[in-house]
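One is the number of the first residue; the rest follow in order along the sequence. Atoms considered below: every heavy atom in the structure, side chains included; atoms not considered: hydrogens, waters and symmetry mates.
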Amino acid sequence: FNLLTIPALYLLGKRIAGRAVACFVVVLFSVSIWETEMARFARMYAPFQMLFVWYLYFLYKALILNDVTARKWMYWISLISIFVSEEAIFLVMLNFIPFIVSAKGARLPEYITTILILIIAYMFITTDWRFLGAQDYIPTDLPPSADSPILTTRPRIGPIASLNSANTSS
């Protein structure tokens with residue numbers, strides 16, 4: 001995913017400061033020890049980093065260049081990023097920036113799209129996906145195994161594994 005970040009860095013750097021700065025940023029990103037280590041050891045953050053840089057590129061195009069299609073890309077990237085990382089809520093909140101900065105009013109579909117993405121992000125991030133509301137994680141109707149210890153509670157000691165007396169009297 002770090003390789004997919006390089007075109008976005010180049011395009012953003014070229015738009016903001018020119019071709020020479022864009023090439024410098026790409027080279028710096030490519031040889032950065034920090035990025036290499038992040039790609040190896042924190043690879044769960046690499047997809048979000050890629051989406052974030054692409055989002056910044058389209059945010060720049062939407063705000064500075066007044067590109068209408070860039071706003072659609074912003075919506076799609078913020079919607080996809082919800083499924084990648086919890087930090088995606090920041091991209092979802094950045095969808096409101098064009099409404100604040102823009103001198104002309106936004107259309108109603110843009111407001112509705114932004115609010116719908118916010119609702120989807122909030123619901124997805126706050127949902128407990130590990131257990132989906134299950135109360136008993138292990139089925140209660142299974143018979144106890146003869147080899148497994150039974151947990152008991154003794155005063156002042158806490159839970160202690162003790163063998164079932166019926167299973168040890170052989």
Side-chain angles (χ1 to χ4, degrees), residues 1-140:
F1 287 102
N2 281 352
L3 292 176
L4 295 175
T5 308
I6 293 173
L9 285 172
Y10 178 77
L11 291 172
L12 187 62
K14 186 177 175 185
R15 294 271 184 190
I16 292 175
R19 186 175 181 178
V21 173
C23 290
F24 176 73
V25 169
V26 166
V27 168
L28 188 67
F29 181 83
S30 299
V31 298
S32 169
I33 294 173
W34 177 262
E35 283 302 319
T36 304
E37 293 301 313
M38 289 293 284
R40 290 174 52 206
F41 297 112
R43 52 192 116 141
M44 66 290 262
Y45 298 111
F48 180 71
Q49 177 187 12
M50 182 257 316
L51 289 172
F52 190 81
V53 173
W54 277 107
Y55 184 90
L56 289 179
Y57 170 69
F58 288 115
L59 179 66
Y60 175 81
K61 284 182 72 174
L63 290 180
I64 306 302
L65 305 177
N66 295 323
D67 189 357
V68 178
T69 58
R71 196 173 279 189
K72 293 177 184 176
W73 279 104
M74 287 170 43
Y75 294 147
W76 279 111
I77 291 172
S78 63
L79 188 64
I80 291 169
S81 68
I82 296 167
F83 304 107
V84 174
S85 177
E86 289 179 351
E87 289 86 14
I89 195 69
F90 296 114
L91 290 185
V92 172
M93 296 309 290
L94 282 175
N95 283 336
F96 290 100
I97 295 291
F99 301 134
I100 298 168
V101 174
S102 178
K104 63 178 185 174
R107 295 174 299 170
L108 184 63
E110 292 172 348
Y111 282 118
I112 292 173
T113 304
T114 304
I115 291 172
L116 278 175
I117 292 173
L118 177 65
I119 291 169
I120 292 169
Y122 178 78
M123 291 175 64
F124 187 80
I125 290 172
T126 58
T127 301
D128 181 18
W129 293 103
R130 285 182 233 150
F131 306 113
L132 292 176
Q135 297 298 323
D136 296 323
Y137 307 120
I138 300 174
T140 57

Say whether, by atom type as modelled, one donor and one acceptor occur between the side chain of S32 and the main chain of F29 under 3.5 angstrom.
no

Any chance CD1 of I33 has more than 12 other-residue heavy atoms, nucleotides or ligands included, within less than 6.0 Å?
no

Sole candidate of F52, W76, W73 that passes ring-ring contact (aromatic ring centres under 6.0 Å, His included) when paired with F58
W73

Within the supplied structure, the quantity of interest is the number of heavy atoms (other residues, nucleotides, ligands) at a distance under 6.0 Å from Y45 OH; does it exceed 12?
no

Does OH belonging to Y122 count more than 12 external heavy atoms closer than 6.0 Å?
no

Could you tell me whether the side chain of N95 reaches within less than 4.5 Å of the side chain of T113, counting heavy atoms only?
no

Heavy-atom distance under 4.5 Å between the side chains of E35 and Q49, does that happen here?
yes

Using atom types as modelled, flag every donor-acceptor pair under 3.5 Å from a side chain in residues 3-20 to any protein atom, sequence neighbours excluded.
{"from": "T5", "atom 1": "OG1", "to": "F1", "atom 2": "O", "distance (Å)": "3.1"}

Stepwise side chain to side chain contact (heavy atoms under 4.5 Å, CB included) check, W54 with Y57:
CA-CA 5 Å; W54 277 107; Y57 170 69; 4.0 Å; yes

As an exercise, state the distance from CD1 of I117 to CD1 of I82, rounded to the nearest 0.5 Å.
6.5 Å

Could you report the tightest heavy-atom contact between A62 and A70, atom names first, then the distance?
N-CB, 3.9 Å

Taking atom CD as the centre, does E87 end up with more than 12 heavy-atom neighbours from other residues, nucleotides or ligands that are less than 6.0 angstrom away?
yes

Heavy-atom closest pair, residues F99 and R71
CE2-NH1, 4.0 Å

